[in-house]
Every structure is written in structure tokens, then in C-alpha cells.
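The next block holds one structure in the form of C-alpha cells; read it before the comments.
Sequence positions, counted from 1, serve as the residue numbers for this chain. Remember, it's 1-based here, ligands and their atoms both numbered in the order they're listed.
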Amino acid sequence: MNGLKLLSTGRALPRQAFSNDSMRQFVDTSDEWIASRTGINQRYFCGEDESTTSLAIDAARMALERSGMAPDDIGCVLVATSSGEYAMPSTACLVHAALGLPEDIPAMDVGAACAGFLFAMEAARGLLVTSGRRCALIIGAEQMSSVLDMSDRNTCVLFGDGAGAAIFELVPDAEYTSIQGVRGSDAIRVGGPCRAQKMAMDGQAVFRFAVSALPQCVNDLLQKASMTTDDVDWVICHQANVRIIDSSIRRLKMPDEKFYKNLDRYANTSAASIPIVLDEMNEKGLLKPNQRIILVGFGAGLTWAGAMLRI
Ligand code: ACO
């Protein structure tokens, strides 16, 4: 089966971090409430000269440089985002232009919220088969602060801005398993008439969905590939809430050390959280050749998706 191999990663964060205490300038909250309910200690928010576009471009440049690939090797540019600077053009087209990629390389945004990076990986597998080029540039980029209601303490403390990027190569006969799922629901929503409404979320409904979707996704991947949790080196999952991850670890009876967590520093960066984790792990030398990793995303839609691959 045609599978994706990870070649390189990059990430970009806004300059300014906001501690839990500093969120008290917006809403009635406390470090104790946020840290104990979510595991979040701080998040980054874009300043005036930063955006989903600028973060996506910075992360993409880093990943492309580190890959050693030429622009002509890239067969598609996909940006997973729910907070693009413009409804049109897509963020992907702006990244395409900034990197000076050839005009016959398709570029588009993928809207599947926090599962967006995984949906983009799946779309890239198809696009690469027809493009004749080797690699896909896949980016998760979000300026969640642009869609947050900063007077709603139920949501504004949970999210942050950031971008992560990865270059994947399509390899025939690579070990690769993937799944996607959708259950239509407006439990998390942004937009409405004239795109005017900021984020609204039924937090407890989403929590219940997430604590079942994450372990189910891991189990479905393992079953599809006829493997067990012992065969997996890392589970890299969407960073929404440490309680969601810890509950999944208990349900899966997996060692805590196989789950990388960094939401304490970034909060929930939606589609960007998985590639940001990949880049941090790469930088720390935690991702080693031949390891088998599982990626799992879940979020608004409701959507969920997973991929198991060898790196
Ligand atoms: N500071 C202080 N108090 C707060 C805050 C806050 N920031 N937010 C809510 N509260 C209060 C509530 O008003 C409520 O008060 P009340 O009892 O007087 O009414 C109390 O805290 C408890 O609220 P709950 O909703 O019961 O808190 P819960 O333990 O369920 O935690 C949370 C809320 C963190 C939102 C949790 O439900 C959760 O993590 N849900 C999943 C959210 C998520 O992961 N969303 C993103 C995934 S999808 C995507 O990424 C797009």
C-alpha cells in the first residue's frame, strides 16, 4: 500500500505567551482552575504582525529546509486550519506563493478542525499518487485567538495559536494504516451568519466524545493492522486536555511514557497540535528510525482520524 514516511518537521509560535494568571485580564478565572481541569499552564496568542498565514509560512519554510527537498519535489501543499486569515484565498495558496512553488502544484486548506492534520495526510496520499511528485507539505496552522470569545471563560482559556509543518514522502509498500470518522454535530462551532459568531462549545459533551474517540481510534488502527499496543513506540495525539489523554492511557492500559504531552505550554492549538508535537519530539531526538508511531486527532465536526506509520 502507498504510505507516508516522515522526512522533516518545523513549527512556529507567536512571540507572546500568556500565562494562566494573565488570562484574568479577560475573564474571571484562576491558574488553579485552568491547570487542574485541563493541564494547561500557558498559551501563545498572535500579535498584530502575526497570523495563521505567517505562522504557517514560517513552519513550512523550516520543514522544507530541513527536508533537503527542492520545491519541485513537492506534489501538494495542504493546510489544516479552522482559523485561516481569509475565507479566500486559502492559507495554502499564500504558503505556496511565499515558498515560490511551481504553479502546477495544488494547494488547498482542509477543514476538519483538530483532526485536520490527519485528514490532510489522507488527502495527500491520494494527491501524490496522481501528481508524480514525491513529497507532500502538510501544515496545521491556527490563530485560535481570532475565533475565541475572550469574554467566555468556558472556551478562551483552553486554546492557543501556533503552527506545525511536516514533509512526508509517498513510499510504495510502506507500512501504513489509517482511519477517519465523522459524526455531524455543532457541539463546537464558529461562524454562523456572515461568519460573525465566535466559538461556542458544549464542553462536557465534547469531553465525553473525546475520552471515547481517542482510545477507540487507537484500537481501530491496531485491529486493522493486526497489532497490539506493545507494537507501538509512541502515541501522538491531539493536545486538547490532559485529562482526556490520561483517561485514554488508562483505558488502553498503555504506559504513560508512550504518550507525548506538551499542552501545558501551548494549550489546544487545534489542527496545529499534532505537527507541533512531531517537531518538538524530532528536535529532542525522540523520534528514531523504524519506530512505529500512532497519530490521533479528534475535534469539532465531530471528526476523528488516526494513522499508524513507521518513521
Ligand atoms: N475559570 C473558572 N471557572 C470556570 C472556567 C474558567 N476558565 N470555565 C468554566 N468554569 C466554571 C463553570 O462556570 C462551572 O461553574 P458552575 O459549576 O458554577 O456552573 C464550573 O467551572 C465547572 O464547569 P464544568 O464545565 O463542569 O467543568 P469541567 O470539569 O467539565 O471542565 C472543560 C470543563 C475543561 C471545558 C472540559 O469539559 C473539557 O475539557 N471539555 C473538552 C473540551 C475540549 O477538549 N474541547 C476541544 C476539543 S475539540 C477541538 O479541539 C476544537
**Item:** Residues that Phe159 engages under ring-ring contact (aromatic ring centres under 6.0 Å, His included), provided they are two or more places apart
**Value:** none
If you look at each N/O of ligand 1, which protein N/O atoms lie under 3.5 Å away, and at what distance?
unit_1	atom_1	unit_2	atom_2	d
ligand 1	1 (N)	Thr29	OG1	2.7
ligand 1	3 (N)	Trp33	NE1	3.4
ligand 1	3 (N)	Arg153	NH1	3.4
ligand 1	7 (N)	Thr29	OG1	3.1
ligand 1	7 (N)	Arg153	O	2.9
ligand 1	8 (N)	Arg153	O	3.4
ligand 1	13 (O)	Arg153	NH2	3.1
ligand 1	21 (O)	Trp33	NE1	3.1
ligand 1	25 (O)	Gln204	NE2	3.4
ligand 1	26 (O)	Gln204	NE2	2.6
ligand 1	27 (O)	Arg37	NH1	3.0
ligand 1	29 (O)	Arg37	NH1	2.7
ligand 1	37 (O)	Gly203	O	3.3
ligand 1	39 (O)	Asn241	ND2	2.6
ligand 1	40 (N)	Gly203	O	2.9
ligand 1	50 (O)	His238	NE2	3.2
ligand 1	50 (O)	Asn268	ND2	2.8

**Item:** Residue from Ser82, Pro89, Ser90 passing side-chain contact (heavy atoms from CB on, under 4.5 Å) with Asp109
**Value:** Ser90
**Prompt:** Do the ring planes of Phe18 and Phe45 sit parallel (below 30°), tilted (30 to 60°) or perpendicular (above 60°)?
**Reply:** tilted
**Request:** Verify the neighbour count for atom NZ of Lys284: are there more than 12 heavy atoms of other residues, nucleotides or ligands below 6.0 Å?
**Result:** yes
**Prompt:** Does Ile105 belong to the same Ile/Leu/Val/Met/Phe/Trp/Tyr cluster as Leu7, with side-chain heavy atoms less than 4.5 Å apart forming each link?
**Reply:** yes
**Prompt:** Between Arg125 and Ser178, do the side chains contain an N or O donor and an N or O acceptor separated by less than 3.5 Å?
**Reply:** yes
